[in-house]
Amino acid sequence: MSNEVLLILSILIIYGSELLFFKLFGKYGLYCFTSIATIAANIEVLIVIRAFGMEMTLGNVLFASTFLVTDIISELYGKKEAQRAVNLGILTSVVFVVFSQWWLLYTPAGTDFAMPAMKTVFSNTPRLMITSMLVYAIVQRFDVWAYHKWWNFTEKRFGSREKYLWVRNNGSTLLSQFLNDLLFTFGAFWGIHDMKTLMSIVFSSYVIFIVTSLADTPYVYIARRIHNHRKAENI
């Protein structure tokens, strides 16, 4: 199966899984999904692939799914609850960095087969993980702030809190993803790649982020429908 097909399927599967968590467990399912996506993305971002004629790191879809989490929570539960999801993601990143580095301190037994692979993966990741954690903290808070700024704009401009969900969803996410792309690329790879390569990574990653950002809009609408249906049943 080609990388292009796998990337397209990953959007459908990851966003679909997020909706499933929400349908089964409500906002607590989204909190749980944030932790899963944060840990998995910090590992997946180490993998570099070539797809759609561009070289890119993986982890883009999983990182994008955390923005979908905060947008859904912002829309349905408010700014305070969205900030709680961001704080949970930050704490998850901190704990994962500490644990993953702690594992490498052990002296493996002669029969061990896993430690060499663990060192290959995790001995090179502190900079990436710390950068990811810091960028996540900055950008997710910006995303929550931007979402509600766009919401205030759409409400004042069109006189409705319900309409133009796609404007606040895409308006906040596209700006946040660009900031995320820029800060992470330069924070993680400055001094490793030359400027031309860095800009190539920024461009290719943002193309993916544009696609993932636009693709998450139907999922926000579906989440709101699930939420409204659940509220109607409880009346």
Side-chain angles (χ1 to χ4, degrees), residues 1-16 18 34 37-71 86 89-90 93 97 121 124-147 149-150 166-220:
M1 193 177 295
S2 69
N3 288 338
E4 290 80 4
V5 172
L6 288 171
L7 280 172
I8 293 170
L9 287 176
S10 70
I11 294 174
L12 299 175
I13 293 170
I14 291 171
Y15 287 177
E18 190 169 320
T34 293
T38 302
I39 292 172
N42 277 323
I43 298 172
E44 192 182 27
V45 75
L46 298 172
I47 303 171
V48 179
I49 66 165
R50 188 165 185 82
F52 301 107
M54 300 178 292
E55 194 170 276
M56 64 187 74
T57 60
L58 287 181
N60 292 331
V61 180
L62 280 167
F63 277 125
S65 73
T66 64
F67 289 90
L68 177 57
V69 165
T70 54
D71 283 358
V86 173
I90 294 169
S93 293
V97 168
V121 174
N124 295 319
T125 59
R127 177 179 175 179
L128 291 179
M129 290 182 179
I130 292 171
T131 300
S132 175
M133 178 180 63
L134 292 175
V135 171
Y136 178 90
I138 294 169
V139 174
Q140 286 285 7
R141 289 182 183 279
F142 175 82
D143 183 65
V144 173
W145 173 84
Y147 190 93
K149 284 294 182 183
W150 278 107
W166 63 272
V167 173
R168 50 187 178 269
N169 169 236
N170 290 307
S172 61
T173 304
L174 288 171
L175 287 174
S176 301
Q177 291 285 30
F178 179 73
L179 183 62
N180 173 66
D181 187 18
L182 202 62
L183 292 177
F184 179 78
T185 299
F186 280 87
F189 303 118
W190 180 265
I192 298 175
H193 301 300
D194 58 30
M195 182 60 70
K196 183 179 179 180
T197 302
L198 289 174
M199 294 310 298
S200 176
I201 293 173
V202 168
F203 174 76
S204 62
S205 296
Y206 192 58
V207 169
I208 298 299
F209 281 139
I210 290 173
V211 174
T212 57
S213 297
L214 295 176
D216 78 5
T217 303
Y219 294 88
V220 183

Considering residues at least two apart in sequence or located in another chain, which fulfil the side-chain contact (heavy atoms from CB on, under 4.5 Å) criterion with [X]?
X      : answer
Trp166 : Tyr164, Asn170, Thr217, Tyr221
Ala215 : Ile11, Tyr15
Ile138 : Leu183
Ile49  : Asn3, Leu7, Ile47, Ala51, Met56, Leu58

To the closest 0.5 Å, what do you measure between [atom1] ([X]) and [atom2] ([Y])?
X      : Y      : atom1 : atom2 : answer
Phe52  : Ile208 : CZ    : CD1   : 6.0 Å
Gln177 : Phe184 : CD    : CZ    : 12.5 Å
Leu68  : Asn169 : CG    : CG    : 7.5 Å
Tyr136 : Thr38  : OH    : OG1   : 4.5 Å
Leu62  : Ile39  : CG    : CD1   : 11.5 Å
Ile13  : Glu18  : CD1   : CD    : 14.0 Å

| request: Might you confirm whether atom CZ of Phe142 has over 12 heavy atoms from other residues, nucleotides or ligands at distances under 6.0 Å? | output: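 Enclosed: over 12 neighbouring heavy atoms sit under 6.0 Å from CZ of Phe142.
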
Return the set of residues passing side chain to side chain donor-acceptor pair (under 3.5 Å) with [X] (not counting sequence neighbours), or none when no residue passes.
X      : result
Ser93  : none
Asp181 : Thr185
Thr212 : none
Thr34  : none

Q: With sequence neighbours left out, write down each residue that passes ring pair (Phe, Tyr, Trp, His ring centres under 6.0 Å) with Phe209, or none if nothing qualifies.
A: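 Testing Phe209 for ring pair (Phe, Tyr, Trp, His ring centres under 6.0 Å), a comparison that skips the adjacent residues, returns none.
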
**Asked** In chain order, what residues pass the ring pair (Phe, Tyr, Trp, His ring centres under 6.0 Å) check against Phe203, with sequence neighbours excluded?
**Response**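 Partners of Phe203 under the ring pair (Phe, Tyr, Trp, His ring centres under 6.0 Å) test: none.
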
Self-check item: Candidates Thr70, Thr173, Asp71 - the one meeting side-chain contact (heavy atoms from CB on, under 4.5 Å) with Tyr147
Solution: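 One option only clears the test, and that one is Asp71.
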
If you look at every heavy atom in [X] and [Y], which pair is closest and at what distance?
X      : Y      : result
Gln140 : Phe67  : NE2-N, 3.7 Å
Gly59  : Ala41  : O-CB, 4.2 Å
Val139 : Ser176 : CG1-O, 3.2 Å
Leu174 : Ser213 : CD2-CB, 3.7 Å

request  = May I have the step-by-step check of side-chain contact (heavy atoms from CB on, under 4.5 Å) for Phe63 and Val135, ending in yes or no?
outcome  = CA-CA 11 Å; Phe63 277 125; Val135 171; over 6 Å; no

Q. Taking it one step at a time, do Tyr206 and Leu182 satisfy side-chain contact (heavy atoms from CB on, under 4.5 Å)?
A. CA-CA 9 Å; Tyr206 192 58; Leu182 202 62; over 6 Å; no

